[in-house]
Amino acid sequence: MSELNETHDSARKSWIASANAPDCDFPIQNLPFGAFRVRHEGSAPRIGVAIGDQIFAVGAAASSFDGLAQKAAAACAAPHLNALMAFGPPAWSALRLALSRLLSDPARQAAVQKYLTPIADAELFVPVKIGNFTDFFASVFHATNAGKMFRPDNPLMPNYKYVPVAYHSRPSSVCVSGTPVRRPLGQSKGPTEHAPLYRACRNLDYELELGFYIGTPNPLGEPVPIADAGARIFGFCLLNDWSARDIQAWEYQPLGPFLAKNFATTVSPWVVTAEALVPYRVPAFARPAGDPAPLPYLDAPGDRERGGLDITLDVFLATEKMRAAGEKPLRLSTGSFSTIYWTVAQMVAHHAASGCNLEIGDLIGTGTCSGPQDDSRGCLLEITARGTQPITLPNGEKRGFLEDGDEVMFRAHCGGDGGSVRIGFGECRAVIAPARTS
């Protein structure tokens with residue numbers, strides 16, 4: 001696990017003025033990676049880092065660096081981050097340090113200013129070539145809230161506190177923030193219906209998740225020790241695991257989610273590196289008295305002490321009517337990732353415990369991030385009790401589940417108070433498009 005170094009210095013400023021604003025998501029202490037091209041340019045995407053309201057084209061500026069940082073920067077001429085990831089953690093860290101020094105040194109501004117593009121002028125893409133996508137169920141509060149709706153007397157399955165539960169999802173339908181999500185079709189059966197019907201989803205939901213990308217692979221047949229698992233993560237994003245709740249309720253037994261989940265997953269365009277989040281590492285979630293201790297392969301002192309992440313997660317909703325009236329999005333929930341029951345290192349270690357070979361660019365979702373408070377619930381299934389207790393919006397509209405034209409936005413940040421630097425994740429957003437009728 002990376003340690004604090006000069007790139008985390010809260011006093012460091014950039015010669016890009018917008019990066020120094022106190023509410024900026026992308027100060028020089030962040031430097032998240034993404035894939036972009038100038039809007040309407042038509043060229044292939046390339047890798048850049050967000051800094052203030054600008055994107056710095058890393059590959060184009062490779063000659064500004066030397067040694068390992070230069071080799072890592074040259075890999076950023078590619079349209080995906082996989083080539084950079086393949087160089088491994090020492091190269092990731094060397095490039096971050098070189099970028100931090102370059103973008104904070106006014107004497108070098110004139111030579112590299114040409115490599116900047118305003119974010120507003122850029123088209124953004126899924127930043128990683130994703131080969132595999134796994135989604136976990138790591139929030140005990142989400143698992144409990146959802147379980148109560150189906151098993152009031154026994155909401156948690158007996159394995160939950162022993163094993164990080166997950167399922168394999170569909171990488172081909174992962175979309176970048178801003179891509180419309182079409183309402184899916186599938187089989188569903190209402191409580192008063194004698195047989196299922198093939199139709200448009202009626203109970204469309206979002207799921208607030210943190211996603212992370214594997215940067216260091218393991219060979220087939222070789223598990224990953226828990227002490228080494230966290231260091232294999234290149235970086236983090238926001239992830240919306242869109243869910244068709246009515247389709248899910250009919251199809252999920254006995255093998256789990258299928259059409260209810262495979263139609264779309266939205267990710268934020270920026271990858272906040274694991275190194276950028278070092279100052280916001282906190283102890284792993286404290287298990288309540290009486291809960292079983294993790295099995296030895298899921299337990300390490302370092303993970304207990306610093307396996308958690310203090311990330312604030314927010315969900316907003318803007319209906320089509322709200323946007324037409326110029327109304328601000330409504331915040332539906334605020335929570336903290338520090339309340340997640342299973343750490344990201346435990347997820348990685350368990351995923352590979354069977355000898356499964358994790359690969360560069362694999363995307364892993366944490367599952368819905370819900371907290372202990374009512375206002376920290378990460379999906380409408382929980383907020384509206386499966387749609388039976390709809391929320392009333394300020395303009396009088398009601399929502400049990402999502403309607404066509406609704407826009408869901410996730411935002412997240414670390415710090416920003418008490419003198420600490422704010423590290424933002426940008427936005428993960430999408431508008432619901434109607435189902436196809438032909």
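Atom set for the values below is all heavy atoms of this structure, side chains included, hydrogens, waters and symmetry mates excluded.
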Colleague: Within a strict 4.5 Å, meaning less than it, do heavy atoms of the R306 and V278 side chains meet?
Modeller: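 Yes - at least one pair of side-chain heavy atoms lies under 4.5 Å apart.
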Colleague: Quick one about E275 and S93 (side-chain donor to acceptor, distance below 3.5 Å, no hydrogens or angles considered), yes or no?
Modeller: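 Result is yes, a qualifying pair exists.
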Colleague: Counting only N and O atoms by type, is there a donor-acceptor contact under 3.5 Å from the side chain of R37 to the main-chain atoms of E123?
Modeller: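 No.
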Colleague: Spell out, as yes or no, whether a donor-acceptor pair under 3.5 Å connects the side chain of K189 to the backbone of E193.
Modeller: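 Pair found, side chain donor or acceptor close to backbone of E193.
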Colleague: Is there side-chain contact between R304 and D299, with at least one heavy-atom pair below 4.5 Å?
Modeller: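 With C-beta onward as the side chain, the pair touches.
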Colleague: Got I247 and F258 here, is their nearest side-chain heavy-atom distance under 4.5 Å?
Modeller: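 They are not in contact (no side-chain heavy atoms under 4.5 Å apart), so the answer is no.
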Colleague: State, with a plain yes or no, whether a side-chain heavy atom of I311 is found less than 4.5 Å away from one of Y280.
Modeller: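 SC-SC contact between I311 and Y280 ruled out.
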Colleague: Do side-chain atoms of D303 reach the backbone of A227 as a donor and acceptor pair under 3.5 angstrom?
Modeller: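 Judged by distance alone, no pair lies under 3.5 Å.
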Colleague: Is there side-chain contact between Y341 and D291, with at least one heavy-atom pair below 4.5 Å?
Modeller: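 Y341 vs D291: side chains touch.
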Colleague: Using a strict threshold of under 4.0 Å (side-chain N to carboxylate O), is an ion pair present between R411 and E427?
Modeller: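 A salt bridge is present here (some side-chain N lies under 4.0 Å from a carboxylate O).
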Colleague: May I ask you to check whether N395 and E397 show a side-chain donor-acceptor distance below 3.5 Å?
Modeller: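 Per modelled atom types, N395 and E397 side chains form a pair under 3.5 Å.
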Colleague: Are the side chains of M157 and V165 in touch, meaning some heavy atoms are under 4.5 Å apart?
Modeller: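 No; the side chains remain at least 4.5 Å from each other.
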Colleague: Closer than 3.5 angstrom, by distance alone: can the side chain of D406 be matched with the main-chain N or O of E403 as a donor-acceptor pair?
Modeller: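 Between the backbone of E403 and the side chain of D406 there is a qualifying donor-acceptor contact (under 3.5 Å).
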Colleague: Between S188 and R202, do the side chains contain a donor N or O and an acceptor N or O under 3.5 Å apart?
Modeller: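 No pair is found: no donor N or O on one side chain lies under 3.5 Å from an acceptor on the other.
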Colleague: Assess whether a salt bridge exists between R245 and D205, defined as any Lys/Arg side-chain N lying under 4.0 Å from an Asp/Glu carboxylate O.
Modeller: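 Looking at R245 and D205, the cut-off is met.
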Colleague: Taking C-beta and beyond as the side chain, do L31 and T273 meet within less than 4.5 Å on heavy atoms?
Modeller: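 L31 vs T273: side chains apart.
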Colleague: With no hydrogens and no angle check, is any side-chain donor or acceptor of R39 less than 3.5 Å from a backbone partner on A122?
Modeller: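 Between the backbone of A122 and the side chain of R39 there is a qualifying donor-acceptor contact (under 3.5 Å).
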Colleague: Where is the tightest heavy-atom contact between L124 and W270, given as atom of each residue plus distance?
Modeller: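 Taking every non-hydrogen atom into account, CD2-CZ2, 4.0 Å.
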Colleague: Anything under 3.5 Å between a donor and an acceptor, one on a side chain of residues 233-244, the other on a protein residue two or more places apart or in another chain? List them.
Modeller:
| unit_1 | atom_1 | unit_2 | atom_2 | d |
| --- | --- | --- | --- | --- |
| N240 | OD1 | E207 | N | 3.2 |
| D241 | OD2 | Y167 | OH | 3.3 |
| D241 | OD2 | K261 | NZ | 2.9 |
| W242 | NE1 | T266 | OG1 | 2.7 |
| S243 | OG | E207 | OE2 | 3.0 |
| S243 | OG | D241 | O | 3.0 |
| S243 | OG | K261 | NZ | 2.6 |

Colleague: Can you find a side-chain donor-acceptor pair between S370 and T368 that sits under 3.5 Å?
Modeller: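 Side chains of S370 and T368: no pair found under 3.5 Å.
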Colleague: For the pair N30 (side chain) and I423 (backbone), establish whether a donor and an acceptor sit closer than 3.5 Å, ignoring hydrogens and angles.
Modeller: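 Absent.
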